[in-house]
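Just below is one structure, and these are the notes that go with it.
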Amino acid sequence: MATLVRIAELNQWIGQAVELRGWVHGRRSGGKIVFLLVRDGSGVVQCVVEASNPDAFEPATQIGHESSVIVEGSVRADPRAPGGVELAVSTLRVVQAVDNYPIARKAHGVDFLMRHRHLWIRSPRQCAILRIRDTVIRTIHEFFAARGFVRVDTPIIVPGAAEGTTTLFQLDYFGEPAFLTQTGQLYLEAAAMALGRVYCFGPTFRAEKSKTRRHLTEFWMLEPEIAWTDLDGVMDLAEALVSELVARVLQQHRSDLELLGRDVAPLEQVRPPFPRITYSDAVELLRSPATHSRLREELERHCAQLAAHQRRLAELEARWSATPKGWVQDRLAQEIQELREEIAHLGQELETRALHIEAASSFEWGQDLGGDEETILARLFDRPVMVTRYPRAVKAFYMKTDPADPRVVLNVDVLAPEGYGEIIGGSQREDDADRLIERMREQGLDPAVYDWYIDLRRYGTVPHGGFGLGLERFLAWVCGLRHIREAIPFPRLMGRIYP
RNA sequence: UCCGGUGUAGCGCAGUGGUAGCGCAGGUGACUGUUAAUCACUUGGUCGCAGGUUCGAAUCCUGCCACCGGAGCCA
């Protein structure tokens, strides 16, 4: 009786008989020999079935992708096998033979893949992302446990909004209006006054009608909240967390990152200290001639890149005409199309880039930083940049006004490099009841609704603060994903709730 | 909500007014070391839907629907 082994551990079993349970990921045949690629969730291995073993050979020539199988055989090292190890099959038991598995190892469109997300997650790339996601989540819990934080689960059904109700999903709660939470923060502040250092980590919901590569309607957010701290304390924590998460992914997922095609060089730069600038610094940067010459240099680099793309396009088109029909030519056609899109995109960007430089130079203090401004700022640094002290008017009511400059609040946004945008938003909280109420009125909110929250400032108020980290945005950055939808097993997007 | 794009076989695409095509997948056969194997043969279509223009529409026009990307908003 062979031992049941997972494929990831197969190289420890060379020369021995083992049993694998998994799914057929690919099949190639050559007359009197069949190569089955079998995956079991831990890895993929080539299983060799020879015609001299007809009981195994007959079914092996028939079964399709994703058939479930139990194989026994002996493990051997072979340089011809992908991964260097293969299984010489002695018995093959087909648990279910599959015909016409919808997802092949080839190009598919976004819509098709999203409608088959329940099957798409079996693909190597999706598995790699989900493994990294698991490591990030696990590391988050370890990070906070090691620092004496208590995990507190905040409610998902809430009576009102933290920042206005327009972007919330509404429910009928026994005849009363209720909403799906968009943040656990207010409840977390209550918990911080009980336990000192707390965090929550769960799904949050936004009904924003955003159809972009950065938005989900349901996403997971990590929110720590600390009593007896100030803005610097919040920033130190955010910096330590991001650095540790990136380091852990680099340490444990080299092969996954490689599979994803992620350039790890920018990630290796992610070590403390992160640059810390104020919003006013950021405005100066946006307006400064030095930044503009940098942006113009970048513009020239983009022009050069565009020219290079066009040369490559010509070369690909020439190769396409010279290639016989078949999947190789098909793949070329696909590359050509992607390149054309890239060229169109670059061309469009070049047109608007000059405008952006103009817009940046005329950026007025008091405006909120938009996506373009954030991208420009993030490009000026080689690691995440922390931008603090935004104008009070563009930020939430619970953020503490800076005693040194009442025009601004003690907040921080952490911008990821490489154009991935804001991954963390946090602040020191307003800890004075009267000023909090004043801020609510300023923003047209009814203090009576938040009476319990104001209580926290009436009974032993202390300086405190915290932040929120969007898990999927963080993963999109670390994994180098084009779209956030790949960072969560079953994405919820505007107009998409199946499967 | 606004702007732009796409909709042709199960999947990826070509087809700009005159007989509906290619590749992959599926099926049949050949091949004892394949790496998305290869080769031969082969099944498969209400050209998103509804109107209109025309002798004739996948192709032109109008409306609608679906999806994608971006803006606003945000993590």
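None of these values were measured; they are calculated from a predicted model. Chain identifiers are assigned alphabetically (A, B, ...) following the order of the sequence lines, protein sequences preceding nucleic acid strands; residue numbering begins at 1 within each chain.
For B:rC74, its base sits under 3.5 Å from the side chain of A:H215 at one donor and acceptor pair at least. Evaluation of atom-type donor-acceptor distances gives no pair under 3.5 Å for the side chain of A:E50 against the base of B:rG33.
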Atom pairs, protein N/O to nucleotides 3-9 of chain B N/O, distance under 3.5 Å:
none

For nucleotides 67-71 of chain B, print each protein N/O atom paired with a nucleotide N/O atom at under 3.5 Å, atom names and distance only.
residue, atom, partner, partner atom, Å
B:rC67, OP1, A:G495, O, 3.2
B:rC67, O3', A:R496, NH2, 3.0
B:rC68, OP1, A:R496, NH2, 3.2
B:rG69, OP1, A:H483, NE2, 3.2
B:rG69, OP1, A:R485, NH1, 3.0
B:rG69, OP1, A:R485, NH2, 3.1
B:rG69, O3', A:R213, NH2, 3.4
B:rG70, OP1, A:R213, NE, 2.2
B:rG70, OP1, A:R213, NH2, 3.2
B:rG70, OP2, A:R213, N, 2.9
B:rG70, N7, A:K211, O, 3.3
B:rA71, OP2, A:R214, NH2, 3.3

Write out a two-atom table: protein N or O, nucleotide N or O from nucleotides 47-49 of chain B, distance below 3.5 Å.
none

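With hydrogens and angles ignored, the 3.5 Å screen pairs a side-chain donor or acceptor of A:R262 with a backbone N or O of A:W477. Between the side chain of A:D78 and the backbone N or O of A:V85, no donor-acceptor pair lies under 3.5 Å. A donor-acceptor pair is defined here as one N or O able to donate and one able to accept, closer than 3.5 Å; no such pair exists between the side chain of A:N411 and the backbone of A:G426. Proximity of a side-chain donor or acceptor of A:T217 to a complementary backbone N or O of A:R492 within less than 3.5 Å is detected.
Residue A:R28 places its side chain closer to B:rU34 than to any other of B:rC11, B:rU34, B:rA75. You'll find that the side chain of A:D99 is closest to B:rG27, out of B:rU32, B:rG27, B:rA75. The nucleotide whose nearest atom lies closest to any side-chain atom of A:E422 is, among B:rG33, B:rG12, B:rA75, B:rA75.
One can place CZ of A:R27 at 12 Å from C1' of B:rA25, the figure rounded to the nearest angstrom. Look at CZ on A:R473: it is 7 Å from P on B:rA75, rounded to the nearest Å. Between the CD1 atom of A:I103 and the C1' atom of B:rG12 there is a distance of 14 Å, given to the nearest Å. Distance A:L37 CG to B:rU34 C1': 9 Å, rounded to the nearest Å. Taking atom CG of residue A:L369 and atom C1' of nucleotide B:rG72, one finds them 15 Å apart after rounding to whole Å. Atoms NZ (A:K395) and P (B:rC73) sit 11 Å apart, rounded to a whole Å. B:rC74 atom P lies 21 Å from atom CG of A:L471, rounded to whole Å. The NE2 atom of A:H108 sits 14 Å away from the P atom of B:rC24 (whole-angstrom rounding).
Nucleotide B:rU6: paired with B:rA66 (Watson-Crick or G-U wobble, both distances less than 3.5 Å). Checking B:rA57 for Watson-Crick or G-U wobble geometry (two distances, each under 3.5 Å) identifies no partner in any strand. Of the nucleotides present, B:rA71 is the one that pairs with B:rU1 by Watson-Crick or G-U wobble criteria, both distances under 3.5 Å. Base pairing of B:rG26 is made with B:rU42, judged by Watson-Crick or G-U wobble geometry with both donor-acceptor distances under 3.5 Å. Searching all strands for a Watson-Crick or G-U wobble partner of B:rU32 with both distances below 3.5 Å returns nothing.
Aromatic pair A:Y450/A:F397: centroids less than 6.0 angstrom apart.
Using a cutoff of 4.0 Å between basic side-chain nitrogens and carboxylate oxygens, A:E486 and A:R125 are scored as salt-bridged. A salt bridge does not link A:E86 with A:R80: every distance from a Lys NZ or Arg NE/NH1/NH2 to an Asp or Glu carboxylate oxygen is 4.0 Å or more.
Taking atom C1' on both nucleotides, B:rA14 is separated from B:rU6 by 15 Å, rounded to a whole Å. B:rU38 and B:rC31 have their C1' atoms separated by 9 Å, with the value rounded to a whole Å. Between B:rC67 and B:rG12, the distance separating the two C1' atoms is 16 Å to the nearest Å. Distance check on atom C1': B:rU34 versus B:rG17 gives 49 Å, rounded to whole Å.
Among the atoms of the strands shown, base atoms are found under 4.0 Å from some heavy atom of A:P82. Nucleic acid contact for A:T204: none, since no nucleic acid atom lies under 4.0 Å from a heavy atom of the residue. Heavy atoms of A:E472 sit nowhere under 4.0 angstrom from any nucleic acid atom. At a threshold of 4.0 angstrom between heavy atoms, the contacts of A:E86 include nucleobase atoms, whether or not backbone atoms are also involved. Among the protein residues, A:F219 comes within range of the nucleic acid bases, having at least one heavy atom under 4.0 Å from a base atom.
Side-chain polar atoms of A:E58 and A:Q62 form no donor-acceptor pair below 3.5 angstrom. When only modelled atom types and interatomic distance are considered, A:Q428 and A:H464 share no side-chain donor-acceptor pair under 3.5 Å.
Note on ring orientation: taking the six-membered ring where Trp is involved, the planes of A:Y390 and A:Y279 are tilted (angle from 30° to 60°).
Taking the side-chain contact (heavy atoms from CB on, under 4.5 Å) definition, one finds that A:T135 meets it with A:T139, A:R248, A:Q252, A:H253, sequence neighbours left out. Partners of A:E50 according to the side chain to side chain donor-acceptor pair (under 3.5 Å) rule, which considers only residues two or more places apart in sequence or in another chain, do not exist here.
Comparing A:I424 and A:R80, the nucleotide of RNA chain B nearest to each residue sits closer to the 5' end for A:R80.
Using a 4.5 Å heavy-atom cutoff, the side chains of A:R389 and A:L410 are in contact.
Residue pairs meeting the side-chain hydrogen bond (donor to acceptor under 3.5 Å, both in side chains) criterion with at least one partner in residues 26-39 of chain A, sequence neighbours excluded, are A:R28-A:Q46, A:R39-A:E66.
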